[in-house]
Amino acid sequence: MAWSNHSVITEFVLTGLSDDPLIPALLFALFLGIYVLTMTGNLTMLLVITADSHLHTPMYFFLSNLSFVDLCFSSVTIPKLLKDLLSAKKTISIEGCLAQVFFVFFSSGTEACLLSVMAYDRYAAICHPLLYGQVMRNELCVRLVVISWGVASLNATIIVLLAVNLDFCGAQTIHHYTCELPALFPLSCSDISITVVVLLCSSLLHGLGTFIPIFFSYARIVSAILSISSTTGRSKAFSTCSSHLAAVTLFFGSGFLCYLMPPSGSSLDLLLSLQYSAVTPMLNPLIYSLKNQEVKAAVQRTLRKYLL
């Protein structure tokens, strides 16, 4: 491991979100609320989908995996952020930094794959409704989820190997609230040109490899919806994919900007990262439940079953 053999530092110092001594208490309350809402919303989705047989369909199978990923994603960064907001010295060990780098890319990569798979599911449901049951078989759904986790794991492993081979011999201050690989580049005393190229190619390959299927799926979906003669039919068809489209916009919009922009430690950089890793996992269960009558009905049935 390059860090063990060549680096003379054993930990990094995080600058956090603000140097103002009055701000951390407010930020702690804010992000504690975000984390509680994230945990509550996604655990509720998992419970309802598992307990209610009406939701044992491909779409909700994928959604349950998405909720689990969101639980993991937010837990990678927010607990450490909450701890640092109450600490005078914000440090993270090299091993902890490596773990954060891996799990950030693993969670975000899995979420991107799942959103792509869910777009194909919506395409099959809207464009081929009569063949939907044959196309989205249980075996295929399980296989697509396993592939999503596997591809994300491989991509995260490649990213961590890039981080392991960086040398750090002087500066140890990361101008960020978490340990992300782009934020480590300014601290490295080794040549990072190859690492930057590999990271950019890996991010583009994974990002575009998941976004392009979404784009073409929605191109076919829009074409199918526009061919429906009745306004009611078009509205009903669009409502089945509007939640997923909102989740895709939130995730990929902030994600592409976060990883394709040069790391600067600026307020915009931090806001994009927070949107990507903290806000989106909180909003996903709200997006999928507020306008979804099936989920609302399932929540009511589950409450009556377990609480009444």
Inset, instruction - Scan side-chain atoms only and decide if Thr178 and Gln100 contain a donor-acceptor pair under the 3.5 Å cut-off. - result: yes

Legend entry - Between Asp121 and Tyr132, a side-chain donor and acceptor under 3.5 Å: yes

Legend entry - Same apolar cluster (I L V M F W Y, side chains within < 4.5 Å links), Met39/Leu30: yes

Inset, instruction - Would you check if there is a donor-acceptor pair between the side chains of Tyr177 and Thr15 at a distance under 3.5 Å? - result: no

Legend entry - Expected output: side-chain Ser203 to main-chain Leu199 donor-acceptor under 3.5 Å: yes

Legend entry - Evaluation steps, side chain to side chain contact (heavy atoms under 4.5 Å, CB included), between Ser93 and Phe12: CA-CA 6 Å; Ser93 66; Phe12 293 111; over 6 Å; no

Inset, instruction - Any chance you could lay out the ring pair (Phe, Tyr, Trp, His ring centres under 6.0 Å) test for Tyr123 and His128, step after step, and finish with the verdict? - result: CA-CA 8 Å; Tyr123 157 75; His128 303 284; 5.4 Å; yes

Legend entry - Ile23 atom CD1, neighbour heavy-atom count above 12 within 6.0 Å: yes

Inset, instruction - Mind checking the CG-CG spacing from Leu86 to Leu81? Nearest 0.5 Å is all I need. - result: 9.5 Å

Inset, instruction - Could you tell me whether the side chain of His244 and the main chain of Leu115 form a donor-acceptor pair under 3.5 Å? - result: yes

Inset, instruction - Output the distance between atom SG (Cys97) and atom NZ (Lys80), rounded to the nearest 0.5 Å. - result: 10.0 Å

Legend entry - Where Leu226 and Arg234 come nearest, the two heavy atoms and their spacing: CA-CD, 4.3 Å

Inset, instruction - Ignoring hydrogens and angles, tell me if any N or O in the side chain of Ser107 forms a donor-acceptor pair with the backbone of Val104 under 3.5 Å. - result: no

Inset, instruction - Could you tell me whether the side chain of Val117 reaches within less than 4.5 Å of the side chain of Ser148, counting heavy atoms only? - result: yes

Legend entry - Flag side-chain contact, heavy atom, 4.5 Å: Pro213 against Tyr120: no

Legend entry - Donor-acceptor pair, side chain of Thr50 and main chain of Leu47, under 3.5 angstrom: no

Legend entry - Heavy-atom donor-acceptor pair, Ser87 side chain to Lys83 backbone, under 3.5 Å: yes

Inset, instruction - Verify the neighbour count for atom CZ of Phe103: are there more than 12 heavy atoms of other residues, nucleotides or ligands below 6.0 Å? - result: no

Inset, instruction - State, yes or no, whether a side-chain contact exists between Arg122 and Cys127 at a heavy-atom distance under 4.5 Å. - result: no

Legend entry - Note, Val76 side chain near Ser277 side chain (heavy atom, < 4.5 Å): no

Legend entry - Common cluster, Leu187/Val13, ILVMFWY with side-chain heavy-atom separation under 4.5 Å: no

Inset, instruction - Using a 4.5 Å cut-off on heavy atoms from C-beta on, say whether the side chain of Thr280 contacts that of Phe73. - result: no

Inset, instruction - For residues Leu274 and Leu17, determine if any side-chain heavy atom of one lies less than 4.5 Å from a side-chain heavy atom of the other. - result: yes

Inset, instruction - Calculate, to the nearest 0.5 Å, the distance between atoms CG and CE belonging to Leu286 and Met45 respectively. - result: 9.5 Å

Inset, instruction - For the residue pair Tyr288 and Ser67, confirm or rule out a side-chain donor-acceptor distance under 3.5 Å. - result: no

Inset, instruction - Kindly indicate, with the supporting measurements, whether the criterion side chain to side chain contact (heavy atoms under 4.5 Å, CB included) is fulfilled by Glu111 and Asn284. - result: CA-CA 11 Å; Glu111 181 149 349; Asn284 276 343; 3.1 Å; yes

Legend entry - Atom pair CD1/CG of Ile287 and Leu63 - distance to nearest 0.5 Å: 11.0 Å

Legend entry - Cluster link Phe185 to Phe105, ILVMFWY, side chain under 4.5 Å: yes

Legend entry - Residues Gln275, Leu250; criterion side chain to side chain contact (heavy atoms under 4.5 Å, CB included); working and verdict: CA-CA 8 Å; Gln275 162 69 37; Leu250 274 174; 3.1 Å; yes

Legend entry - Short side-chain to backbone donor-acceptor contact, Asn65 and Leu114, under 3.5 Å: no

Legend entry - side chain to side chain contact (heavy atoms under 4.5 Å, CB included) evaluation trace for Glu11 with Lys89: CA-CA 12 Å; Glu11 63 182 15; Lys89 189 177 183 182; 3.8 Å; yes

Inset, instruction - Write down the atom of Ala152, the atom of Gly109, and the distance for their closest heavy-atom approach. - result: CB-C, 3.5 Å

Legend entry - Co-membership, hydrophobic cluster, residues Val101 and Leu205, 4.5 Å side-chain: no

Inset, instruction - Locate the shortest heavy-atom distance separating Ile92 from Cys179; write the atom from each residue and the value. - result: CD1-CB, 4.1 Å

Legend entry - Asn42 vs Met282 side-chain heavy atoms within contact, under 4.5 Å: no

Legend entry - Residue pair Ile214 / Phe252, side-chain heavy-atom distance below 4.5 Å: yes

Inset, instruction - Give a yes or no answer on whether the side chain of Tyr218 reaches the backbone of Cys241 with a donor-acceptor pair at less than 3.5 Å. - result: yes

Legend entry - Where Ser64 and Leu46 come nearest, the two heavy atoms and their spacing: O-CD2, 3.1 Å

Inset, instruction - Over all heavy atoms of both residues, which pair between Ser202 and Ile159 is shortest? Give the atoms and the distance, please. - result: OG-CD1, 3.9 Å

Inset, instruction - Looking only at non-hydrogen atoms, find the nearest pair between Cys141 and Phe61 and report the distance. - result: O-CE2, 3.6 Å

Inset, instruction - Please answer: with hydrophobic residues joined when any side-chain heavy atoms are less than 4.5 Å apart, are Met136 and Val146 in the same cluster? - result: yes

Inset, instruction - Using the six-membered ring wherever Trp is involved, compare the ring planes of Phe106 and Trp149 and label them parallel, tilted or perpendicular (cut-offs 30° and 60°). - result: tilted

Legend entry - From Ser116 atom OG to Ile147 atom CD1, the distance as rounded to the nearest 0.5 Å: 11.5 Å

Inset, instruction - Kindly compute the distance separating NE2 (His206) from SG (Cys201), expressed to the nearest 0.5 Å. - result: 15.0 Å

Inset, instruction - Indicate whether any N or O donor in one side chain lies under 3.5 Å from an N or O acceptor in the other, for Thr38 and Asp70. - result: no

Legend entry - His56 side chain to Ile49 backbone, donor-acceptor under 3.5 Å: yes

